[in-house]
Amino acid sequence: INAEYMGSNGPRKNIPAQLESAASFPIYWLRFTDDGVWATVDQPMAASAPASAGTSLSVLTFNVLFDQFSEKEFAGSIRYPKILEFLEKSNADVIALQEVTPTFTKLLLASSWVRSFYYVTEVSSVVLTPSGEVLLSRFPPAILSSPGSGSTTPPTGASIWHLTRNKTCIVGDIAIDDRVISVGSLHAVAGWGLDRSMMAKRRSKQRQWIWDAFYARCMEQNRGKGGEWILMGDFNTGPEEPIDDLPEGALDAWLATSQSESDGCTFDAVRNPLAVLTASPETPPSRFDRVIIGPTANLRPTGVTLGATDGIPVEGIEKMVWLSDHYAVRAVLEVVAR
């Protein structure tokens with residue numbers, strides 16, 4: 001764990017409730033070792049062969065619904081193990097999670113499939129706030145530089161971008177063959193009980209911070225304007241708030257595969273009983289959860305599907321159990337050879 005970030009006098013303690021720009025701090029990637037412990041990854045990546053034509057990358061985003069509500073209504077102790085089963089079966093190369101809590105983190109890091117196959121971003125945001133974001137990747141982190149032995153500063157493979165004191169975007173760099181791709185897990189501000197127009201403007205402003213931060217990250221890493229990045233997560237945008245501020249050339253994977261806005265709803269208080277409990281009464285079915293691909297011709301979406309869209313039977317439970325108030329989004333991308 002990044003002690004400087006987490007410490008009682010660490011930088012997060014000085015972050016104001018509202019920011020004028022994103023505040024960024026480096027964090028670690030973790031890997032389960034042969035010694036049976038989770039350890040930080042701090043070595044620069046090794047060079048590898050160029051990507052072959054037709055390489056695919058599967059990504060999945062899921063807001064798992066934090067456990068800050070009553071167990072009777074939200075059944076976290078039942079949902080969490082079922083969510084982990086769902087994630088394992090998804091077999092996604094990269095998984096972006098939101099509303100992850102310390103309870104969920106403990107189960108996640110104890111899962112044999114996670115320990116065997118995935119790198120995981122540091123869980124500082126989970127430890128420090130009621131909930132946060134986590135990335136899992138089958139591909140190794142792209143550690144482009146390391147501060148050296150004895151340093152308490154993490155290497156340059158992952159960051160936490162604060163949009164507010166408690167709303168963050170976790171970003172990690174992964175190495176796929178001869179390229180680096182930055183991947184983000186976002187949980188945007190909601191504020192459904194507040195002025196909708198004001199909150200929409202705030203979300204738009206924070207998205208611009210993110211677009212600028214991805215651009216800056218690619219330039220700093222000498223990847224140029226066309227550096228590849230993917231942003232996934234809970235954008236908290238309703239049907240009356242289209243995301244029309246994407247950088248030129250960027251794609252919404254759902255729409256890019258010729259699917260309609262209405263068919264992509266991931267938050268539906270009409271069907272999902274958990275959404276009924278967390279939504280404002282006026283919240284319409286909405287496509288909160290998205291996969292955005294940065295402005296590059298080298299990542300092409302070939303298929304996008306929704307997951308966890310129905311309740312499941314659980315032995316000993318009378319009612320069907322829904323995994324979350326959100327649905328998952330899974331996208332398959334073709335990684336085009338350069």
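Residue indices begin at 1 and follow the sequence shown. Here the structure is a predicted model, which is why all the values come from computation and not from measurement.
Sequence neighbours left out, not one pair with a member in residues 23-41 passes salt bridge (charged side-chain N to carboxylate O under 4.0 Å, His left out).
Pairing each heavy atom of G184 with each of F214, the nearest pair is N-CZ, 4.2 Å. Of all non-hydrogen atoms in G311 and W322, the two that sit nearest each other are N-CE2, 3.3 Å. Heavy-atom minimum distance, Q98 versus N63: OE1-N, 3.3 Å. Between V64 and S324, the closest heavy-atom pair is C-OG, 3.7 Å. The heavy-atom pair separating C265 from S262 by the smallest distance is SG-O, 3.3 Å.
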Could you pull out all donor-acceptor pairs under 3.5 Å where a side-chain atom in residues 293-305 meets a protein atom, sequence neighbours excluded?
unit_1, atom_1, unit_2, atom_2, d
T296, OG1, N298, N, 3.0
N298, ND2, E228, OE2, 3.2
R300, NE, A297, O, 3.3
T302, OG1, V332, O, 3.2

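Side-chain N or O atoms of R203 include one that pairs as donor or acceptor with a backbone N or O of V189 at under 3.5 Å. One N or O on the side chain of R271 and one on the backbone of T309 form a donor-acceptor pair closer than 3.5 Å. Put simply, the side chain of D268 never gets that close to the backbone of S286: no donor and acceptor are under 3.5 Å apart. In this structure, the side chain of S77 does not engage the main chain of A75 through any donor-acceptor pair within 3.5 Å. With hydrogens and angles ignored, the 3.5 Å screen pairs no side-chain donor or acceptor of S131 with any backbone N or O of E99. S182 contributes no side-chain N or O that, together with a main-chain N or O of G172, makes up a donor-acceptor pair within less than 3.5 Å. In this structure, the side chain of S185 engages the main chain of L97 through a donor-acceptor pair within 3.5 Å. Between the side chain of S111 and the backbone N or O of V114, no donor-acceptor pair lies under 3.5 Å. T105 places a side-chain N or O within 3.5 Å of a backbone atom of T101 that can act as its donor or acceptor partner. A distance-only check finds no donor-acceptor pair linking the side chain of W254 to the backbone of V291 [under 3.5 Å].
The same ILVMFWY cluster, assembled from side-chain heavy atoms under 4.5 Å apart, contains both W38 and W113.
Using modelled atom types and a 3.5 Å distance limit, the side chains of E133 and T168 yield a donor-acceptor pair. A donor-acceptor contact closer than 3.5 angstrom is absent between the side chains of Y327 and R287. Judged by distance alone, the side chains of N91 and R138 do bring a donor and an acceptor atom under 3.5 Å apart. Side chains of S58 and D93: a donor on one and an acceptor on the other come within 3.5 Å. Side-chain contact of E122 with T40: a donor-acceptor pair under 3.5 Å is absent, judged by distance alone.
Evaluation of the salt bridge (charged side-chain N to carboxylate O under 4.0 Å, His left out) rule for K167 yields no partner, not counting sequence neighbours. For W161, the side-chain hydrogen bond (donor to acceptor under 3.5 Å, both in side chains) partners at least two apart in sequence or on another chain are S24. S204 meets the side-chain hydrogen bond (donor to acceptor under 3.5 Å, both in side chains) test with D245; sequence neighbours excluded. When the ring-ring contact (aromatic ring centres under 6.0 Å, His included) test is applied to F267, the partners found at least two apart in sequence or on another chain are F288, H326.
For W229 and Y215, the distance between ring centers is not under 6.0 angstrom. With ring centers used as reference points, F66 lies 6.0 Å or more from F104.
Separation of atoms OG1 (T237) and CD (E240) is listed at 8.5 Å; rounding is to 0.5 Å. I170 CD1 to L186 CG: the interatomic distance, rounded to the nearest 0.5 Å, is 10.5 Å. Atom OG1 in T33 sits 10.0 Å away from atom CZ in R115 (nearest 0.5 Å). The CD1 atom of I174 lies 9.0 Å from the CG atom of L135; values are rounded to the nearest 0.5 Å. For the atom pair L333 CG and L57 CG, the distance stands at 5.0 Å (nearest 0.5 Å).
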key: E261 vs R290, salt bridge (Lys or Arg N to Asp or Glu O under 4.0 Å): CA-CA, chis, key distance, verdict   = CA-CA 11 Å; E261 181 78 25; R290 302 174 185 236; 3.5 Å; yes
Stepwise side chain to side chain contact (heavy atoms under 4.5 Å, CB included) test for V183 and V59 = CA-CA 10 Å; V183 183; V59 300; 5.8 Å; no
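Just one of D234, D325, V329 meets the side-chain contact (heavy atoms from CB on, under 4.5 Å) condition when paired with T266; it is V329.
At a threshold of 4.5 Å between non-hydrogen side-chain atoms, the residues R223 and M219 do not count as touching.
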